[in-house]
Protein chains: 2
Amino acid sequence: MEYIENSAFLIAFGKNLRKYRKLKGFTQEQLANDLGIEISQISRIERGVINTSIGNAYTIAKVLKIDIKELFDF
Amino acid sequence: MEYIENSAFLIAFGKNLRKYRKLKGFTQEQLANDLGIEISQISRIERGVINTSIGNAYTIAKVLKIDIKELFDF
DNA sequence: TCAAATATAGGCATATATGCCTACTTATTT
DNA sequence: AAATAAGTAGGCATATATGCCTATATTTGA
């Protein structure tokens, strides 16, 4: 198994999240509303600007109705 | 798929991390040193006291030489 | 091409994780 | 039982994520 840098990981995670969000037909705003977090955060997470929490990742998976492991599968 | 509460998720994550840490023969201190983070944080994460970042989870997986998905597999 | 919807960018205040430290507790080993 | 190792607890300062807001850019649809 090869490991990437932390910043690259955040970007990869964000891209993956964006993929699943669109796949499930959510806009950033809808996702943020369902999550109960700020819409600007979704944009930041998807671009890899911020290093969000595991709890947030879990809640996102919950809203998207996917397994959290899928968010880390890339 | 059934989803648990956020606080329960953090506790489950911590227990799982502890399982893998011991499985790989690390003390909290060794893991913290290899990670380059504070030992007190490991204790807090394992007990579900804090909601650590996805980047931290990734680095932990890297040090333990496991796939990050395993940390979320419970 | 224009309008509307969606996403990006950044500033500022606040909340929470983290680092650093000391003290205490629990577990392990002899 | 005593000594050592490992883990827990909490305080305080700092760093970073988050919330809230406004403005700009980009994409999508008519």
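We name chains A, B, ... by the order of the sequence lines, and we start the count at 1 in each one.
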Measure [atom1]/[X] against [atom2]/[N] and give the value in whole Å, please.
{"X": "B:Phe26", "N": "D:dA5", "atom1": "CZ", "atom2": "C1'", "value": "18 Å"}
{"X": "B:Ile45", "N": "D:dT8", "atom1": "CD1", "atom2": "C1'", "value": "14 Å"}
{"X": "B:Ile39", "N": "D:dA6", "atom1": "CD1", "atom2": "C1'", "value": "8 Å"}
{"X": "A:Gln41", "N": "D:dC21", "atom1": "CD", "atom2": "P", "value": "15 Å"}
{"X": "A:Glu29", "N": "D:dT27", "atom1": "CD", "atom2": "C1'", "value": "15 Å"}
{"X": "B:Glu38", "N": "D:dG7", "atom1": "CD", "atom2": "P", "value": "15 Å"}

Heavy-atom pair of closest approach, residues A:Ala57 and A:Phe13: CB-CZ, 4.1 Å
Position toward the 5' end of DNA chain D (nearest nucleotide), B:Arg44 or A:Lys22: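 Going by which nucleotide is closer to the 5' end, it is B:Arg44.
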From CA spacing to verdict: side chain to side chain contact (heavy atoms under 4.5 Å, CB included), A:Asp73, A:Asp67: CA-CA 10 Å; A:Asp73 192 14; A:Asp67 192 306; over 6 Å; no
B:Gln28 vs D:dA5: side-chain N/O to OP1/OP2 distance below 4.0 Å: no
Backbone of A:Met1 reached by a side-chain donor or acceptor of B:Lys65 within 3.5 Å: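 No; zero donor-acceptor contacts below 3.5 Å.
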Main-chain N/O of A:Gly55 paired with B:Asn51 side-chain donor or acceptor, under 3.5 Å: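 The answer is yes, because a donor-acceptor pair under 3.5 Å joins these two groups.
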Lys/Arg N to Asp/Glu carboxylate O, B:Lys69 vs A:Glu70, below 4.0 Å: no
Covered region of DNA chain C, 5' end to 3' end, by chain A [heavy atoms, under 4.0 Å]: C:dT6 to C:dG11
Test item: B:Leu71 and B:Tyr58 side chains (from C-beta on) under 4.5 Å apart, heavy atoms: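 Answer no - side chains too far apart.
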Contact check, side chains of A:Lys19 and A:Lys15, non-hydrogen atoms, under 4.5 Å: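 The answer is no; the side chains never approach within 4.5 Å.
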Verdict with reasoning, A:Phe9 to B:Ile68, per side chain to side chain contact (heavy atoms under 4.5 Å, CB included): CA-CA 11 Å; A:Phe9 166 78; B:Ile68 186 174; 3.9 Å; yes
Sugar-phosphate only, base, or nothing, as touched by B:Ile42 at under 4.0 Å among non-hydrogen atoms: nothing
Single-linkage hydrophobic cluster A:Ile37~A:Leu64, side-chain heavy atoms < 4.5 angstrom: yes
Contacting residues from residues 52-59 of chain B, given that a heavy atom lies under 4.0 angstrom of DNA chain C: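 Within this stretch, B:Thr52, B:Ser53, B:Asn56 sit under 4.0 Å of the strand.
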